[in-house]
Amino acid sequence: RHPLATFFHLFFRVSAIVTYLFCDWFSNSFVACFVTILLLLSFDFWSVKNVTGRLLVGLRWWNQIDEDGKSHWVFEAKRVPAVAASTEAEARIFWLGLIICPVIWTTFLFSTLFSLKLKWLALVIAGISLQTANLYGYIHCKLGGQKSISRVTSRLFGTADVPKRQSRRISEDGTEEHGKTGTR
């Protein structure tokens, strides 16, 4: 249903990784390589957060600041009654790309440290940060916000469910929003 979104979901991610691996072969300029990879990572972060997550799996997340200056994270999951086969394939591509790429960037972190190519360390940390931020946001969306995550962790570790203030909205288009309200 969304071949263009699926393409760009993988294009920026794979392009950043391939450019990181082979940039030294094509250019002697560290700055040009650094900026190119950082732009690809930024394009990937923006497209996944704002476009492909919503189109491929019906999930969105964002942060908003209220009048008091407090930060509120909002996690949104669209309720879809039936999933078509093509949508299921797109969802698999979305989640595989979202999970595998931070693992690859973490591998780059260790290879950068062990090979003592410390000039690349800032770029690799930026890659890990941007990739895991999207992964973290979409996991929150998938599990239904902080309340569901605390239930899952309490089941795993056998601890009591700590109550947290939650806001849950269902908008006109049938989407359900979860957001943590209040302060830490």
Side-chain angles (χ1 to χ4, degrees), residues 2-65 71-77 89-146 148-150 152-153 156-157 178-180 184:
H2 304 288
L4 194 60
T6 306
F7 170 77
F8 280 109
H9 176 71
L10 295 177
F11 175 75
F12 292 125
R13 292 175 173 267
V14 172
S15 296
I17 291 169
V18 169
T19 304
Y20 177 80
L21 290 173
F22 300 114
C23 195
D24 285 340
W25 290 5
F26 299 112
S27 174
N28 291 331
S29 173
F30 170 74
V31 174
C33 292
F34 190 93
V35 170
T36 303
I37 296 166
L38 196 58
L39 282 173
L40 288 169
L41 287 169
S42 300
F43 292 154
D44 171 61
F45 179 81
W46 182 87
S47 67
V48 170
K49 183 180 175 302
N50 295 315
V51 179
T52 62
R54 184 177 39 176
L55 292 176
L56 299 179
V57 292
L59 302 173
R60 282 193 317 182
W61 63 273
W62 68 91
N63 182 16
Q64 61 189 27
I65 308 293
S71 177
H72 300 279
W73 289 92
V74 181
F75 304 98
E76 181 179 82
E90 290 173 345
R92 281 193 182 135
I93 291 170
F94 177 83
W95 286 107
L96 282 174
L98 205 64
I99 292 168
I100 291 172
C101 288
V103 172
I104 293 171
W105 283 102
T106 304
T107 305
F108 289 162
L109 174 72
F110 290 117
S111 69
T112 302
L113 289 173
F114 291 134
S115 66
L116 297 175
K117 294 181 180 179
L118 300 180
K119 66 181 183 181
W120 293 100
L121 192 60
L123 181 68
V124 172
I125 290 172
I128 291 171
S129 300
L130 292 172
Q131 300 279 325
T132 56
N134 266 332
L135 179 61
Y136 179 78
Y138 282 112
I139 287 174
H140 268 282
C141 292
K142 183 74 173 169
L143 295 178
Q146 185 66 28
S148 296
I149 289 175
S150 66
V152 169
T153 56
L156 286 174
F157 298 112
H178 307 276
K180 185 177 179 183
R184 294 181 190 183

- Using the side chain to side chain contact (heavy atoms under 4.5 Å, CB included) rule, take F108 and I128 through it: C-alpha gap first, then chi angles, then the decisive distance, then the call. CA-CA 9 Å; F108 289 162; I128 291 171; over 6 Å; no
- Query: What orientation do F8 and F11 show, parallel under 30°, tilted 30 to 60°, or perpendicular over 60°?
  - Reply: perpendicular
- Spell out, as yes or no, whether a donor-acceptor pair under 3.5 Å connects the side chain of Y138 to the backbone of V48. yes
- Considering only heavy atoms from C-beta outward, does the side chain of W62 approach that of N50 to under 4.5 Å? no
- Between the CD1 atom in I93 and the NE2 atom in H9, the distance rounded to the nearest 0.5 Å is 8.5 Å
- Query: Tell me, do N134 and L130 make a side-chain contact under 4.5 Å, heavy atoms counted?
  - Reply: no
- Task: Specify the closest pair of heavy atoms between T132 and S129, including all atoms of both residues, with the distance to one decimal.
- Result: OG1-O, 3.4 Å
- Message: Nearest 0.5 angstrom please: E76 CD to L59 CG, how far?
- Response: 9.0 Å
- Plane angle bin for F114 and F110 - parallel if under 30°, tilted between 30 and 60°, otherwise perpendicular: parallel
- Note on the structure: Rounded to the nearest 0.5 Å, the CG atom of L135 sits from the CD1 atom of I99 at a distance of 6.0 Å
- Message: Do T52 and T6 have side chains that approach each other closer than 4.5 Å (heavy atoms only, starting at C-beta)?
- Response: no
- Message: Is it the case that the side chain of E90 and the backbone of H2 share a donor-acceptor pair, with hydrogens and angles ignored and the cut-off at 3.5 Å?
- Response: yes
- Residues, nucleotides or ligands: over 12 heavy atoms within 6.0 Å of N28 CG: no
- Decide if the gap between the ring center of Y20 and the ring center of W105 is smaller than 6.0 angstrom. yes
- Item | Steps toward side chain to side chain contact (heavy atoms under 4.5 Å, CB included) verdict (V124, T106) | CA-CA 8 Å; V124 172; T106 304; over 6 Å; no
- Task: Can you see which heavy atom on N63 is nearest to which on S71, and at what distance?
- Result: OD1-OG, 2.8 Å
- Query: At what distance, to the nearest 0.5 angstrom, does CZ of R92 lie from CG of L56?
  - Reply: 14.0 Å
- Evaluate the ring planes of H140 and Y136, with Trp represented by its six-membered ring, and classify them as parallel (under 30°), tilted (30 to 60°) or perpendicular (over 60°). perpendicular
- Tightest non-hydrogen contact, residues A126 and L41, listed as C-CD1, 4.5 Å
- Query: Under 3.5 Å, is there a donor-acceptor pair between the side chain of R13 and the main chain of C101?
  - Reply: no
- Task: Measure the CD-CH2 distance between Q64 and W73 for me, rounded to the nearest 0.5 Å.
- Result: 11.0 Å
- Query: Mind checking what makes ring-ring contact (aromatic ring centres under 6.0 Å, His included) contact with F43, not counting sequence neighbours?
  - Reply: F12
- Task: Among residues two or more places apart or on two chains, list those pairs meeting disulfide (SG to SG under 2.5 Å) that have a residue in residues 4-46.
- Result: C23-C33
- Item | Pairwise side-chain contact, I37 with I17, heavy-atom cut-off 4.5 Å (strictly under) | no
- Message: Donor-acceptor pair, distance only, cut-off 3.5 Å: does the side chain of S27 make one with the backbone of D24?
- Response: no
- Item | Closest non-hydrogen atom pair, G137 against F75 | O-CD2, 3.7 Å
- Would you mind reporting whether L121 and L109 have side-chain heavy atoms less than 4.5 Å apart? yes
- Item | Nearest heavy-atom neighbours spanning F22 and F26 | O-CD1, 3.2 Å
- Rounded to the nearest 0.5 angstrom, the OG1-CG distance for T36 and L123 is 10.0 Å
